[in-house]
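Numbers here are sequence positions counted from 1.
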Amino acid sequence: MSRIARSLLCFLLGGATVASAPPKKPRLVLAIIIDQFRYDYLLRFRDDYTAGLARLLKDGALFTDAHYLQAATVTAVGHSTFLSGATPSVSGIIANEWYDRDSGKTITSVFDPATKTVGGVAGATGSSPRRMLVSTVGDELKMRGPDSKVIGVSIKDRSAILPAGHMADGAYWYDQDSSRWVTSTYYRAELPDWARKLNGEKPNQRYIGAKWLPFDAKDDSATPFCTMVAGTEVRYCGGLEATPWGNDMIEEFAERAIAGENLGRHAGSDILAISFSANDYVGHAVGPDDPAVRDISIRTDRLLGKLFDYVDQRVGLGNTLVVLTADHGVAPVPEVNQARKMPGGRLSGSRLAKKITDALTRRFGPGKWLLPGAANMPYLNLELVRTLKLDLAEVERVAAEAARSEDHIARVYTWHDLQNGAIQKDDIGRAFSLGFYAPRSGNLFILTEPYYLLDATGTSHGTPYGYDTHVPVVFWGAGIKPGRYSRNIAINDIAPTLAAILQVEQPSGSIGHLLSEVFE
């Protein structure tokens with residue numbers, strides 16, 4: 001008996017009422033992530049939503065207390081969790097990038113030197129899902145038979161690749177070096193005709209010199225949030241990815257993929273995984289309290305409405321299941337918090353590294369003690385430890401003590417602490433345990449106090465605090481019971497629920513539970 005069948009049987013036998021069966025299999029699943037979209041954005045801007053988000057909130061099943069379980073709330077981890085149901089401790093996707101001891105280099109979660117980019121700069125190294133150790137819902141669907149297609153799309157390679165999984169028919173992302181949509185030889189040797197045609201239209205050129213004006217601006221005399229023209233008094237937007245137009249390009253590509261791959265019209269169910277990346281780039285630059293975040297949230301609502309209308313025309317919303325979430329939240333800008341008399345501030349990663357290095361030098365002698373890596377997950381030089389014939393656990397202990405002595409550091413765990421389970425038995429301790437994968441993780445795991453950042457400008461995310469873990473989860477479609485569901489769930493619960501609806505096995509690393517209350 002499969003895990004799906006066991007879960008349903010347990011629910012039927014253990015519940016006070018008869019459980020509803022999963023809805024009929026949809027022709028198309030739209031699996032949507034909005035990058036850096038805190039749950040409270042649904043509430044703060046609700047009156048401004050009139051299109052896609054409004055439809056989800058009105059007719060969908062909304063979980064109001066959905067959280068990530070692991071400590072590292074970053075893009076790669078969130079996207080790998082979405083359709084796998086796995087934590088980093090099982091999936092191996094521990095961060096956006098990490099130090100690879102075998103190669104002696106810092107690598108990304110999807111870096112794959114065995115592949116090449118297709119459609120962009122000739123000979124550029126490609127990307128793939130090979131570093132993800134588990135299956136996704138799409139993989140389970142593809143293993144069931146050849147009658148389904150799975151496609152992923154985003155501006156970021158990791159955001160297109162990780163939700164789609166290993167057996168996807170394609171994953172596509174926007175290459176800033178060539179200003180084109182690309183894929184890699186992991187999937188195919190050439191771009192499909194419909195993608196080549198879109199590249200030939202040069203959609204990026206539509207926005208040369210454009211100004212990002214407020215959505216409700218009466219005319220172009222309004223003060224823009226930023227402009228695509230450098231050297232003016234108005235803030236330079238940077239690349240298209242840091243504007244709402246980046247999301248427009250993603251939605252356009254999604255429409256072309258639906259038509260070009262004939263999604264929703266195959267014998268089996270199809271999955272289109274879409275990640276809207278621009279919200280994250282904007283949020284990092286200005287923080288969650290800036291008017292630009294409200295503006296891009298409104299524009300995301302309208303863009304989802306456009307996508308849903310297109311899907312209705314091509315496939316029919318009665319044949320479509322939508323599931324929407326976010327990969328993480330975000331912290332307030334520290335200076336904004338300070339102005340409103342809230343905790344928060346900026347810490348120096350270089351100062352923290354120096355403090356650790358100085359402590360190790362005083363105790364064990366000089367040397368290159370730290371290897372390249374993020375300030376909150378340092379890697380120790382194991383070759384130096386071996387050369388000096390030191391006990392690694394003791395070296396980690398000295399380094400951890402030094403890190404803890406820095407102001408506004410809440411906790412520091414070591415590799416050996418997590419390997420041996422020597423952590424606080426609370427949600428934060430468990431979050432670090434679920435984020436730990438021994439072959440890839442660093443030697444120290446440093447958590448700042450709430451609202452303190454190891455970033456010099458803007459804001460960021462990546463902690464197990466509520467502002468980073470709390471995100472929306474919405475199911476919408478035929479057979480889904482609309483309503484607000486207030487019980488606490490994990491993002492890991494999405495994958496097994498989709499697996500039940502699609503009548504396939506749960507992904508191999510899933511630790512989630514079936515959200516059967518949404519079944520009519």
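In terms of the salt bridge (charged side-chain N to carboxylate O under 4.0 Å, His left out) criterion, R430 has no residue partners (sequence neighbours excluded). Residues that satisfy the side-chain hydrogen bond (donor to acceptor under 3.5 Å, both in side chains) test with D427, not counting sequence neighbours, are absent from this structure. When the side-chain hydrogen bond (donor to acceptor under 3.5 Å, both in side chains) test is applied to R487, the partners found at least two apart in sequence or on another chain are E517. The side-chain contact (heavy atoms from CB on, under 4.5 Å) check on K58 picks up nothing, with sequence neighbours excluded. Partners of W173 by side-chain hydrogen bond (donor to acceptor under 3.5 Å, both in side chains), not counting sequence neighbours: none found. Every residue meeting the side-chain contact (heavy atoms from CB on, under 4.5 Å) condition with K197, not counting sequence neighbours, appears here in chain and number order: E201.
Counted within 6.0 Å of CG on D47, heavy atoms from surrounding residues, nucleotides or ligands total 12 or fewer; the atom is thus considered open. The local environment of CD in E520 is crowded, with over 12 non-hydrogen atoms from other residues, nucleotides or ligands closer than 6.0 Å. By the 6.0 Å contact criterion, CZ on R256 is enclosed, its count of non-hydrogen atoms from other residues, nucleotides or ligands being greater than 12. Dense packing is recorded around NE2 of H266, with more than 12 heavy atoms of other residues, nucleotides or ligands lying under 6.0 Å away.
Rounded to the nearest 0.5 angstrom, D157 CG and D112 CG are separated by 11.0 Å.
In terms of modelled atom types and a separation under 3.5 Å, the side chain of R131 and the main chain of F111 share a donor-acceptor contact. With hydrogens and angles disregarded, a donor-acceptor distance shorter than 3.5 Å links the side chain of R196 to the backbone of L191. Within the 3.5 Å criterion, the main-chain N or O of P244 finds no donor-acceptor partner in the side chain of N247. Side-chain atoms of N488 come within 3.5 Å of backbone N or O of D65 as a donor-acceptor pair. Within the 3.5 Å criterion, the main-chain N or O of A331 finds a donor-acceptor partner in the side chain of T459. No donor-acceptor pair under 3.5 Å is formed between the side chain of T448 and the backbone N or O of L453.
Residues D270 and R265 come closest through the heavy atom pair OD2-N, 3.9 Å. Minimum heavy-atom separation, K24 to N319: NZ-OD1, 4.1 Å. Minimum heavy-atom separation, H513 to T497: O-OG1, 3.8 Å. The shortest heavy-atom contact between L83 and A31 is CD1-CB, 4.0 Å. The shortest heavy-atom contact between G170 and Y187 is CA-CD2, 3.9 Å.
Residue pairs meeting the ring-ring contact (aromatic ring centres under 6.0 Å, His included) criterion with at least one member in residues 135-166: none, sequence neighbours excluded. Listed by first then second residue, pairs satisfying side chain to side chain donor-acceptor pair (under 3.5 Å) with a partner in residues 466-479 read H67-T469, T463-D468, not counting sequence neighbours. Counting only residues at least two apart or on different chains, no disulfide bond (SG atoms under 2.5 Å apart) pair has a member in residues 485-520. The list of side chain to side chain donor-acceptor pair (under 3.5 Å) pairs with a residue in residues 141-153, not counting sequence neighbours, reads K142-D169, K149-E261. A disulfide bond (SG atoms under 2.5 Å apart) check over residues 224-266, counting only residues at least two apart or in different chains, returns the pairs C226-C237. Sorted by first and then second residue, the pairs that involve residues 279-300 and meet ring-ring contact (aromatic ring centres under 6.0 Å, His included), not counting sequence neighbours, are H284-H461.
By the 4.0 Å N-to-carboxylate-O rule, R206 lies too far from D248 to be salt-bridged with it. Under a 4.0 Å N-O distance rule, the pair R55/D59 does not qualify as a salt bridge. Between E255 and R314, none of the side-chain N atoms (NZ, or NE/NH1/NH2) sits under 4.0 Å from a carboxylate O, so this pair counts as no salt bridge. The residues R158 and D327 are annotated as not salt-bridged, no charged nitrogen and carboxylate oxygen being separated by less than 4.0 angstrom.
Ring geometry for F63 against F475 counts as perpendicular: the plane angle is over 60°, on a 0 to 90° scale with 30° as the lower cut. F45 and Y41 have tilted rings, their planes meeting at an angle from 30° to 60° on a 0 to 90° scale.
Under the 3.5 Å distance criterion, with hydrogens and angles disregarded, a donor-acceptor pair is assigned to the side chains of E140 and S135.
Side-chain contact between S179 and Y174 is present, with at least one heavy-atom pair separated by less than 4.5 Å.
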I would like to know whether L42 and L62 meet side-chain contact (heavy atoms from CB on, under 4.5 Å); could you show each step before the answer?
CA-CA 10 Å; L42 290 182; L62 169 66; 3.9 Å; yes

Would you please test F225 and W212 for ring pair (Phe, Tyr, Trp, His ring centres under 6.0 Å) and show each step?
CA-CA 6 Å; F225 293 111; W212 174 12; 4.9 Å; yes

